Amino acid sequence: MDFSEEGLELKEIQRLEGHNDKVWSLAWNPTSTLLASCSGDKTVRIWQRSPSTSSWHCKAVLEETHTRTVRSCAWSPSGKLLATASFDATTAIWELIGDDFECVSTLEGHENEVKSVSWNASGSLLATCSRDKSVWIWEVQPGNEFECVSVLQGHTQDVKMVQWHPIMDVLFSCSYDNTVKIWAEDGDSDDWHCVQTLGESNNGHTSTVWALSFNPEGDKMVTCSDDLTVKIWDTDSITMQAGEGYAPWKHLCTLSGYHDRTIFSAHWSREGIIATGAADDAIRFFVESKDGLVDGPLYKLMLKKEQAHDMDINSVQWSSGENRLLASASDDGTIKIWELASIT
Amino acid sequence: MTLGLINANPVVHAKKERVARTEDLHGDDAVDPLEIYDFVRDIRDPEHPYSLEQLSVLSEESITVDEKLGRILITFTPTIQHCSMATVIGLCLRVKLKHYFPPHFKVDIKVSPGSHANEESVNKQLNDKERVAAALENPNLRQLVDECLYSNEL
Amino acid sequence: MAQLSQLTQYIESYVDSSRSSTQQAASVDAIAYLLKNDILTLETLVTEMGMYLTTTDNIIRTRGILLLAELLTRLASKPLDNVTIHSLISFFTDRLADWRALRGALIGCLALMKRKSNMGRVTDNDARAVAQAYLENVQVQSLGQHDRKLCFEILECLLDHYPESVASLGDDLVYGICGAIDGEKDPRCLMLTFHIVEILARLFPDPSGPLASFAGDLFDILGCYFPIHFTHPQGEDVDVKRDDLSRALMLAFSSTTLFEPFAIPLLLEKLSSSLPLAKVDSLKYLSNCLLKYGDDRMTKHVEAIWFSVKDAIFCSEQEPMLSLASELLDHVGFQENEIVTEAIILLQKVILENSGLSLSLIVGDKDINTIVNTVTSFRSYNDIPLQSKHKLCAIGRILYVSAKASITCCNRVFESFFFRLMDTLGLSVRNSSGDCLPNFDYVFSERLNFGALYLCIELLAACRDLVVGSEELTSKSVSAQESWCCMLHSFSSLLMKAFSSVLDASTDKDAYEADIYSGVKGLQILATFPGEFLPISKSIFENVLLTFISIIVEDFNKTLLWKLALKALVQIGSFIDRFHESEKALSYNYIVVEKIVSLMFLDDFGLPFQLRLEAISDIGTTGLNVMLKIVQGLEDAIFANLSEVYVHGNLKSAKIAVQLLECYSNKLLPGIHGAGDFEDVLSRFAVNIWNQIENSMAFSVGAQENELLNATMTAMKLAVGSCSEGSQGKIIKKAYSVLSSCPSFTLMESMPITGTVQLEGLQHTQDLECFSCRDKWVISLFASAIIAVRPQTHIPNIRVVLHLFMTNLLKGHVPAAQALGSMVNKLCPKSNGVEISSTCTLEDALDIIFNTSLWDSHNHGPLKRCSGIGVDNEMGLANLCLSASNCQLLQVCAIEGLAWIGKGLLLRGHEKVKDITMIFLRCLLSSGGIDNLPLNQGSLENNQEQDVLPSVAKSAADAFHVLMSDSEICLNKRFHANIRPLYKQRFFSSVLPILVSSMAESRLSNTRSMLYRALAHIISDTPLIAVLSEAKKIIPILLDSLSILSTYNLDKDILYNLLLVLSGILMDKNGQETVVENAHVIINCLIGLVGYPHMMVVRETAIQCLVAMSRLPHARIYPMRTQVLRSVQKALDDPKRAVRHEAVRCRQAWASIASRSLHF
Amino acid sequence: MASQPPVTAGATGTAAASIQDIFDSSLNLEETHFNDGFTEGYNAGLISGKEEAKQVGLKFGFQVGEELGFYRGCVDVWNSAIEVDSTRFSSRVQKSIKQMEELLQKYPYFDPDDESAQEIMDNLRLKFRAICATLSVKLEYNGFLKSSSEAKDIEF
């Protein structure tokens, strides 16, 4: 669809307070009934929307497990498990038992800070990455056992984020070494290899790549970076569908000159709206522009919200629910729930 | 009584203190380099028993402020090309400003051009807030930093 | 108390080393007590202790001997017979051999030898024995610090008290001392050792004596301490400062000429070291030795010294900079550092000691001559490279010092440099025979050579100071033939031209600043040669003055030049005054003073008026007779302008008059206040003002000229205030006559004590517009005069005056009220002194004030005239205050007036003030309810004036401020108020309880807040000590009033004062415990004020207080920590920098109380 | 008369010759000294160099050896555990252990120049960490190479 016609505005629905330090990242559960947030205060908070008041409140605080900043969190596709990655070098797995969350397992192996965690589409695999430059792949065993499938070495620096492809078991990681690496398993021999590196030579980023996200179809990827640009990548969907697994990715276009400080987060909505949050305290929205198809689809700024928070914005996440809900997390310790609604 | 102590904190610095200030009671005073400098001048060097000011790692000129945009840029000059402590000094600056400065200011910290063997990497590291945050949770570093910040406050 | 029977226990408990030191001390006291009161004799004690003193058990013996020694020290003032002393001293003497018991022995000897002779004292022989034993047995350097100290004390004592007996020991003594002090490190001991050496040297002065042979060794020991290198950690409480040590060592160095061969070389060597400290010290030491060693020994060193001094002066890293500092004009324009100063002092001494040699060294010095040539090759100051600037100023100093030393030196210096300088300046021509003559047809076209100018000025300064310095030189007979005089004489006029030409050339660009300085300075020096002194002729002097004065008049836009010129004139003036230069004084008067005065009158648009005033007041300071002229001039100017104002209402001259008056009261009057014989001037001034008013009946001052009126009033007060009764009486008389001549003030001479008072045109619109302007002036000035008079001064017809003021008081005329206040303050009470019927005693006055009926209550609304014949319904001031009349305005005026009267009484400590206070309180309580806060009041009849009128309650509250605060305007020392000491404290402690209780009763919020306001005034005007004593009671109230006041921005000043009191309590340790108790409340209150929008200082102070709070006991404040931090966080964003800074400090303080450990 | 000239000639000849070699020796002097010096220095250098190299080699060799030994040990322990109970570890872990074993055999113990050495060492470390993580045991080799970690401690 084309959003440019209908006038849209970003409405602040609610402001969630509770964390007393930076909020680093957010995760909606698959049904978007719960929102998990993790913070420099070493805790994870679970926020729930009470159907009656339809306002959000803190359902649970997950604490006393991680001894340092909790950097990232991810719900398993089933929505039963929540994985949290922390600077204390561990990854914790939480399960909703009865009405509260219990830490059912902690994965140790990284030498130092774990920066990100991600479940694959089927929920059978879990990936983590760390400043120790390695990316680990774990397999979920019955009884909340996790078995290390493989340790991927390849990045030359701190790995900032790992993200599974929405459809296939292909793993994407982005790093302080300015590259995005794509990892695939050949056969089912447990050995994973870096099949492609998107670096400067392929019109890649020129500084730390902080985050990446896929469009629902999984044939497009957005990456954001400290170089103040957002880049769109695409791949040949046909080959990809053909189940050959991996098909090479190419640079599609670069959106620059919008944010003027590090862009920490980019997320692609089901409807194809890219939201980006940055250290300039602003949130921006980009959509594919149909005009000028001559040289492939281009992306244009649809809407921007200056001063969305008082301080850096670390994470923006679209809910999968009906009305376009967006959650944003910031250094100011708050989380905001926004609605992207047509101007009334 | 050694020679070093005799010309410790020379007059030049002392003069800088408040002379510049003529507090006008009406207008608001914008945040200016001198003010920031006053915050950070006494930070102790991790290796020497002197303040960054005394070692002229910092000077008022090395600080620029854009009050409107709320941006601060601090450039410091490590004592030696390969100063392993450059990053620690940077951390100290960050922490000090974080605690004692309005949070909404965006702070960039760099080593002055050509003053460090691997300038780029130091700069990149100091301005990666995730790395900084992690660093400050590392007890060893934390202690080092605190010593630099508090040692000569009493 | 101590019993003889217990003696053994005492001894035991002392000897037993397992006992606590306090127990041991106790037992010493006990025994000492016994001895002092002759309950126990030393003999018995000794026999008692026998075993302890002789046992072979080391510990016990040691303790025993120590005990005896300790006891003897306690008995310093108890007479002892020689036998006892002898036996004791010999005992201790041979114990000196017993190293285990050494301490006791030392203390013992010391105690005995220090005894006053009249108390029985150690004989010389015994002393000698002690010395010998000491020298044989004691290895000082092998002992601990404390014992060493004792040893040295003994030596010192021996040398001081028994010189001849120890002297006989000769070599042994010296040798022993060398051994003892060698390698000493402890500062306290060193102080002693240095002193010992000093005395020792005094003991053996003769060059063949025992010291001679050891001088070298002894000095080796001393020498290695130089320069004192003080490395004692601050931790140890060493009361010895580095300077003390250094001084002691210096005295030791210079104690004997025998050290000379060793000391001087060492010092010279150290002088060349790079350590500034060493340089400075060596210089100091050298100066000192120079004097002590004497010329004959030093001559051979002079050259060496000269060279090192030269280096010191040249090499010193001094920043040459010209500064506006006043000393600049009479000394070099360069900043100096310690080294140079010391070096110069040394140089001075050298020259004085041995002028011939040193002078020829200086004059012949190669460097100096080369430098003179090079430096003088640069034309302007800015062309000279930094290095050479150093050199230039160095040479300047050297030449100055050497020329200033003596006439002969001066000649030498002039002969060898003056002409060269003249040549470089191009002021001279050489005739055939090559001698140097002034070149009178020199045209000052291009810039003169700075270097030469500078040096030349130094020379002039030198000989000027030389002449001024020594009286006998000033008579021409001595100095006229001196070669330097001749030179100066021949060139003086040219130099004068030269300097002024420099000034002409100068503009205010920095590039030329240097020139301006030197030009002005040169001229000033020329003008400050003593009077009948040939080389500088009268004409030159006058030319200089003319040059300066013309600068003053014309070059006012060249700020620097102008200021310097003025400064120079002032200094010349004060020079004349100091040396009674009658002739010069004349010229100064008609050239400078008259010109300056005339500036007041000429009405061109040249020199800005402010500058004129600056000039006039500065010149005024130069001497009494000048001041006299200036004052007169100023007065004339004032009157001229005033009449302009009176007659033509000329606004411009009104402005001028204001400035003049302010200058008069603020600048001149303080200056002349001290000096006598100005009285007639002042009184004449006052009288003249009255005359003027009297004569100008058609008075056309714009009513808006309040500024002028105020200025005149102040001047009037000050003038009157500084007169004696006599002249004050005259002034008042004059004033009164003018007053009574005003038709509007009908003053019936015969007025009943309690009569009625006319209240003309008292209206609700109550300002003074209802006066004719002239009346306003008259009454105000009259009030001012009354305010300023001395108690004894006679006031004619005082009752009438009182009535007059009363009426005006009700018209809201504050000066009238103040005058009343002053009167009741100064009038003498009935009791003392004989009574003349005419005079009015204090009681009469009060009676008039309070019992005169002022207003008829039947008579509502705007009333033209009210006569209170009706007995029942007449009401006095008090009732008026209590709003007996329903006219609020009247009430307010009454209250304000009463406040000043109250103040008068309070100051003299009259009990009546209590009633007055109660009146105010009732006003507070009663009217608090009527009018709503803070200053609008719906009083029934005059709503239309709601916001113009101040609230009754408010003015009642503020009355307390009037009562308590020190006033500049009246009732102060300057205006001879009679002020009882501690009146504030008394009032405070008497009123506080009343207010507090009424606070408790009053329900109405308005009333309460007004009570708080009053309280705030009282608390903040009371000396802190008094408040502190009441801290417990005060703090809660104080906090309440803070929080209440903080809601209205109109009260910000009161709020601030109150906050200051609070901070005072916080800082003071007497307040501590109360503060600790209320910590939480206080912190909460302060947090509230951190965001106070109306006043920056309030926020700042509040935060400072929070910092102070952070020092309270941890446990007490920790709970508040996060709360404080959060509130201060906001302050980090404060618009004002000062506040932000405090906020940072505060955060540091509070953040750190979590982890104090980090701070080390 | 006739017989004389050759004599003189001879005489002069010999004289000349004798003079010749005097110079010879003195001409070569410099050179010979240089050569002597060089050889001396060279030999000395060889000896000390060898000595030094030996020390370094020993040290490094020891470090590597120690680490390999450590892994060998772990593998043995695990294997013996498997022998006791073959279901003790998951197939994946067992596989990893096998791989480690192979790597340990492959390691070119006696050919330090073989560039595969480093690669193998890296793989070993990876596998080892993976296994430990899975078994969630906190085994760690902290010998020579790690001992520098204290210094690194203030990196971030």
Side-chain angles (χ1 to χ4, degrees), chain A residues 21-25 39-42 66-72 85-89 112-116 130-132 156-161 175-178 206-211 225-227 260-262 264 278-281 306-307 309-315 330-334, chain B residues 31 36 64-75 86-88 90-91 93-111 113 116-146:
Chain A
D21 198 341
K22 292 180 163 62
V23 183
W24 278 108
S25 106
S39 153
D41 65 11
K42 305 181 178 62
H66 287 303
T67 60
R68 294 189 187 180
T69 292
V70 188
R71 173 62 180 91
S72 117
S86 161
F87 285 176
D88 65 13
N112 46 40
E113 300 92 80
V114 187
K115 298 291 182 71
S116 166
S130 157
R131 176 160 68 86
D132 65 14
T156 62
Q157 290 286 355
D158 188 9
V159 188
K160 292 296 189 187
M161 181 185 185
S175 159
Y176 189 86
D177 66 12
N178 308 357
T206 59
S207 184
T208 308
V209 188
W210 277 98
S225 158
D226 179 51
D227 65 12
D260 65 350
R261 286 185 77 81
T262 311
F264 287 118
D280 60 9
D281 309 351
E306 304 281 3
Q307 298 308 322
H309 281 272
D310 299 342
M311 295 169 72
D312 297 7
I313 295 173
N314 296 325
S315 173
S330 159
D331 279 356
D332 64 18
T334 66
Chain B
V31 174
I36 299 169
T64 57
V65 190
D66 179 333
E67 236 254 339
K68 213 166 63 277
L69 293 177
R71 302 284 163 90
I72 299 172
L73 171 61
I74 301 184
T75 12
T87 49
V88 180
L91 277 183
L93 292 169
R94 280 228 173 274
V95 175
K96 189 104 182 190
L97 289 183
K98 173 161 148 288
H99 282 171
Y100 303 131
F101 222 68
H104 56 72
F105 274 89
K106 308 279 183 191
V107 183
D108 291 317
I109 296 180
K110 293 186 160 48
V111 298
H116 199 280
N118 33 23
E119 186 178 331
E120 266 192 24
S121 62
V122 172
N123 290 343
K124 190 171 184 183
Q125 195 175 2
L126 283 177
N127 295 293
D128 180 324
K129 75 173 185 186
E130 191 184 38
R131 297 281 278 269
V132 171
L136 295 180
E137 289 184 355
N138 169 339
N140 307 321
L141 265 169
R142 182 76 217 192
Q143 193 188 353
L144 200 54
V145 169
D146 286 335

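As a basis for the values below, the full set of heavy atoms in this structure was taken, side chains included, without hydrogen atoms, waters or symmetry mates. Because the structure is a prediction, the values reported are computed rather than measured. In what follows, chains are A, B, ... by sequence order, proteins preceding strands, each numbered from 1.
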- Among side-chain atoms of A:Asp332 and A:His309, is any donor-acceptor pair under 3.5 angstrom? yes

- Message: So for A:Tyr176, is it side chain, backbone, both, or neither that comes closer than 4.5 Å to the heavy atoms of chain B?
- Response: both

- Query: Would you call B:Lys129 and A:Asp312 a salt bridge, using N to O less than 4.0 angstrom?
  - Reply: yes

- With sequence neighbours excluded, residues passing ring-ring contact (aromatic ring centres under 6.0 Å, His included) with B:Phe101: B:Phe39, B:Phe105

- Item | Residue pair A:Asp21 / A:Ser39, side-chain donor-acceptor N/O under 3.5 Å | no

- Pick one of side chain, backbone, both or neither for B:Glu120, based on which atoms fall under 4.5 Å of a heavy atom in chain A. neither

- Task: Tell me, out of A:Asp310, A:Asp158, A:Asp226, who's got the most heavy-atom pairs with chain B below 4.5 Å.
- Result: A:Asp158

- Query: Checking A:Asp88 against chain B: side chain, backbone, both or neither under 4.5 Å from a heavy atom?
  - Reply: neither

- Item | Greatest number of heavy atom pairs closer than 4.5 Å to chain B - which of A:Lys22, A:Arg71, A:Arg131 | A:Arg71

- Could you grab the distance from atom NZ of B:Lys124 to atom CZ of B:Arg131, nearest 0.5 Å is fine? 9.0 Å

